[in-house]
Amino acid sequence: MSSRSVRVVTTVGAASFGLLLFAASACSSDKGGFAVENEKFSQDAGVEAGDCPLTCSLDGQSIIRSCSGEIVETCPETQACGAAKCQDPCSAASDDRSSNGCEFYFQKPRFTKQLPNSCYAAYLVNTSKQPVEFSLELEGKPVDVSKAVFRTEPGSATLYQHEGPIGPGESVVIFLSDRDPARTYTNADNLGYISCPKGVVPTTITDIRSNGTGAGSSFHLTTKLPVGVTSMYPFGGAKSYNPTASLVLPVAAWSKEHIVVNGWGLDWSGKPSTQIFSAEDDTDVTIVPNRDIQGGAGIVGGPAFEPVTYRLGKGAFLQLVQNEELTGSFVTSTKPISIVGGHGCANIPTGAAACDILAQQIPAFAQWGHQYVGVAYRPRLGNEHEPVRYRIVAAREGTQLSYDPEIPPGAPTALGPGESAMFTSGTGDAFYVRSQDADHPFYLAAYMSSAGDPTATEEQYQGLGDPEFVNIVPAGQYLNSYTFYADPTYAETSLVIVRAKDHGEFKKVWLECAGDLTDFQPVGVGGEYEWTRVDLTRGGKPGAKFGDSVCTNGLQRMKSDGPFTATLWGWDSFASYAYPGGMAQRTLVPRPLVTVH
């Protein structure tokens, strides 16, 4: 993009918000089978070892030769592999950038105050081999978690108070916030309100500051060892009727180049929404919007295609809620940031009954892939051709897209920078999509539609499920080990697994409740990917049986000797959630998004 005047309009601090105005400048400068180019499933960092560089194994426990998988060194139990060396686990997680980490910022996706201020929670999973301690701050001050941390037993939503460190491979629920119980609320305030469970004392009863566009402070979680974090709002499954969930990405995975992806377009029940998080003071965030930024609550907007810069303090987030989507807008920053894309309450398709909040933390541009597999949840009423909407967002000029086994209805074959497209494919009609090379990355998301989707042929899904969208993990970000938490308050939970060939063969995928998974189905005709599903719950009861074992919700553990991905979809009466069980955050794109002159 060309050099232009950049208006720095707002300074956003973690605890107080003021205005700062000054000027600056910036540079803006088919169908059928095809040969599948499999990703190299190595970490970012490596060291040369002749023609075969050393790198980290997918589970982060060994140093290996990337070309053969030969183990060169196994790390001690108190260490992990990062940058092709054994080191302390937090440093290793930082070097090799996955969704597990030791520092996180997050806040509830309450984009407007149209819906009641309900219970907000996060799931923490200790992915290390040692007990982990954690601390939580808000506005730079410690918050009391002594009565806010609970655990559950597999297959049960019963909460048990937890004290002390989280055991190796174990998980807890942290109840972060709820509304002030001392206030008097109207009947309208109570409509749809979900409180935190009885006996829980959340860490705070403060609400986010803004109603729509504005700014606020985020929770700051730090740990002594790597954990996985997922946020859930509101907590309570079907009783909330409008929940969403997101895998939270650690600060070590943040970056300075992003592309905005909103959850959905304007609807009568809500608006496209964006949150931008900062981990350091004096972080200048420059947005080149492809639609006008509308501004509000002390946040000055700006016209389309004119760069506008906002200064964020440590722990602050900027929230933009407006009629027109900013999807495809480029964002650069002077220090690493992270972006959540969402919607206040989306009806999918527009006008359908009913709506849900949408929120996903969008990976940074450098972590976008150029190869993805699209396959979704177990169909709500058994029809594997139940239409699932997908959204593609491109980053570069001349992005060419190819599909296997065929082009899904309405899918694009070419996109330009910042352009996006929606198309549909059956929930079980798996497809593979790729661009011409890694320098033409794109983003892919999948959607569940409203329970009252008027385009459905299955009696509008009989009230099952509701809108949600989820990041589809690019093939280059697959891992071979996951520990994650399936929400225990949903009647239906479908785990979707996709595995990729490794050194010419598919490796077994082990799920703790099932053993080695079978019944994998091919994706297209390329022969490089396979998929399967496992029911963790069905009809409010435990899910699939494997011999004497039965799967259910709660803590899940998976592993393989090869790369795979696992995505959770949960739904109930007019409610749903979805999130990846984890993902790598490797640098996949060889060239920056913006060329600095």
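The structure presented is a predicted model; accordingly, all values stated were derived computationally and were not measured.
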Do Val509 and Met558 have side-chain heavy atoms sitting under 4.5 Å apart?
yes
Looking only at heavy atoms, what is the nearest atom pair of Ile357 and Gly344, with distance?
CG1-O, 3.3 Å
What is the minimum heavy-atom distance between Val523 and Asp404, and which atoms define it?
O-OD2, 4.2 Å
So do Cys81 and Cys75 have their SG atoms closer than 2.5 Å?
no
Is the ring pair Tyr120/Phe106 parallel, tilted or perpendicular, if the boundaries are 30 and 60 degrees?
perpendicular
Would a line drawn from the ring center of Tyr432 to the ring center of Tyr403 be shorter than 6.0 Å?
no
So, using ring-ring contact (aromatic ring centres under 6.0 Å, His included) as the criterion, who are the partners of His220 when residues are at least two apart?
Tyr105
So which atom in Phe365 and which in Leu593 form the shortest heavy-atom distance, rounded to 0.1 Å?
CE2-N, 3.4 Å
Might you confirm whether atom NZ of Lys559 has over 12 heavy atoms from other residues, nucleotides or ligands at distances under 6.0 Å?
no
Can a donor-acceptor pair be found between the side chains of Asp356 and Tyr577 at a distance below 3.5 Å?
no
Kindly indicate, with the supporting measurements, whether the criterion side-chain contact (heavy atoms from CB on, under 4.5 Å) is fulfilled by Thr230 and Tyr485.
CA-CA 8 Å; Thr230 302; Tyr485 188 82; over 6 Å; no
Residue list, side-chain hydrogen bond (donor to acceptor under 3.5 Å, both in side chains) with Glu530, at least two apart or on another chain
Arg499
Starting from the C-alpha separation in whole Å, work towards a yes-or-no answer on side-chain contact (heavy atoms from CB on, under 4.5 Å) for Ile64 and Val72.
CA-CA 5 Å; Ile64 63 172; Val72 175; 5.7 Å; no
Show your reasoning for whether side-chain contact (heavy atoms from CB on, under 4.5 Å) applies to Val125 and Val227.
CA-CA 5 Å; Val125 178; Val227 299; over 6 Å; no
Looking at Tyr579 and Val470, what are the two nearest heavy atoms and their distance?
CA-CG2, 3.6 Å
Validation row: Val331, Ile337 side chains within 4.5 angstrom (heavy atoms):
yes
Answer with yes or no whether the side chains of Gln361 and Ser338 bring together a donor and an acceptor at under 3.5 Å.
yes
What about the rings of Phe564 and Tyr482, do their centers lie closer together than 6.0 Å?
yes
Apply salt bridge (charged side-chain N to carboxylate O under 4.0 Å, His left out) to Asp439 and list each qualifying residue two or more places apart in sequence or on a separate chain.
Arg396, Arg591
Establish, from distance only, whether the side-chain atoms of Ser329 and Asn290 form a donor-acceptor pair under 3.5 Å.
yes
Gln322: what forms a side-chain hydrogen bond (donor to acceptor under 3.5 Å, both in side chains) with it, not counting sequence neighbours?
none
Would you kindly say whether Ser246 and Ser231 are connected by a side-chain donor-acceptor distance under 3.5 Å?
no
Check for a donor-acceptor pair, side chain of Trp531 on one end and backbone N or O of Ala430 on the other, with a separation under 3.5 Å.
no
For Lys271, the side chain to side chain contact (heavy atoms under 4.5 Å, CB included) test, sequence neighbours excluded, returns Leu266, Val321, Asn323
Among all residues two or more places apart in sequence or in another chain, which pass the side chain to side chain contact (heavy atoms under 4.5 Å, CB included) test with Ala359?
Pro109, Phe111, Thr244, Val340
Can you sort out the partners of Ser99 under side-chain hydrogen bond (donor to acceptor under 3.5 Å, both in side chains), two or more places apart, ordered by chain and number?
none
Passes side-chain contact (heavy atoms from CB on, under 4.5 Å), Leu401 versus Leu415? Steps please.
CA-CA 8 Å; Leu401 300 168; Leu415 289 172; 4.1 Å; yes
Can you tell me if Gln61 uses its side chain to pair, donor with acceptor, with the backbone of Thr74 under 3.5 Å?
no
Counting only N and O atoms by type, is there a donor-acceptor contact under 3.5 Å from the side chain of Trp254 to the main-chain atoms of Leu249?
yes
Indicate the atoms forming the closest heavy-atom contact of Ala395 with Phe330, along with that distance.
O-CZ, 3.7 Å
Among all residues two or more places apart in sequence or in another chain, which pass the salt bridge (charged side-chain N to carboxylate O under 4.0 Å, His left out) test with Lys256?
none
Look only at the side chain of Asp88 and the backbone of Cys90, and say whether a donor-acceptor pair between them is shorter than 3.5 Å.
yes
Donor-acceptor under 3.5 Å (Gln87 side chain, Gly82 main chain):
yes
Do Glu137 side-chain atoms and Leu221 backbone N/O form a donor-acceptor pair below 3.5 Å?
no
Hydrogens and angles aside, do Ser255 and Glu257 bring a side-chain donor and acceptor to less than 3.5 Å of each other?
no
For the residue pair Lys314 and Ser278, establish whether any side-chain heavy-atom pair is separated by less than 4.5 Å.
no
Could I get the full list of ring-ring contact (aromatic ring centres under 6.0 Å, His included) partners for Phe469, not counting sequence neighbours?
Tyr447
Would the number of heavy atoms belonging to other residues, nucleotides or ligands and lying under 6.0 Å from NZ of Lys85 be above 12?
no
Sub-6.0 Å ring centroid separation between Phe277 and Phe317:
yes
Only counting residues at least two apart or in another chain, list the ones meeting side-chain hydrogen bond (donor to acceptor under 3.5 Å, both in side chains) with Glu70.
Arg65
Within the structure provided, determine whether Val393 and Glu419 are in side-chain contact (heavy-atom separation under 4.5 Å).
no
According to ring-ring contact (aromatic ring centres under 6.0 Å, His included), who are the partners of Phe423, at least two apart in sequence or on a separate chain?
Tyr390, Phe431
Which atom pair, heavy atoms only, marks the closest approach of Met422 to Arg391?
SD-CB, 3.3 Å
Please check this pair: side chain of Asp284 against backbone of Ser333, looking for a donor-acceptor N/O pair closer than 3.5 Å.
no
Does Phe484 have any ring-ring contact (aromatic ring centres under 6.0 Å, His included) partners at least two apart in sequence or in another chain, and if so, which?
none
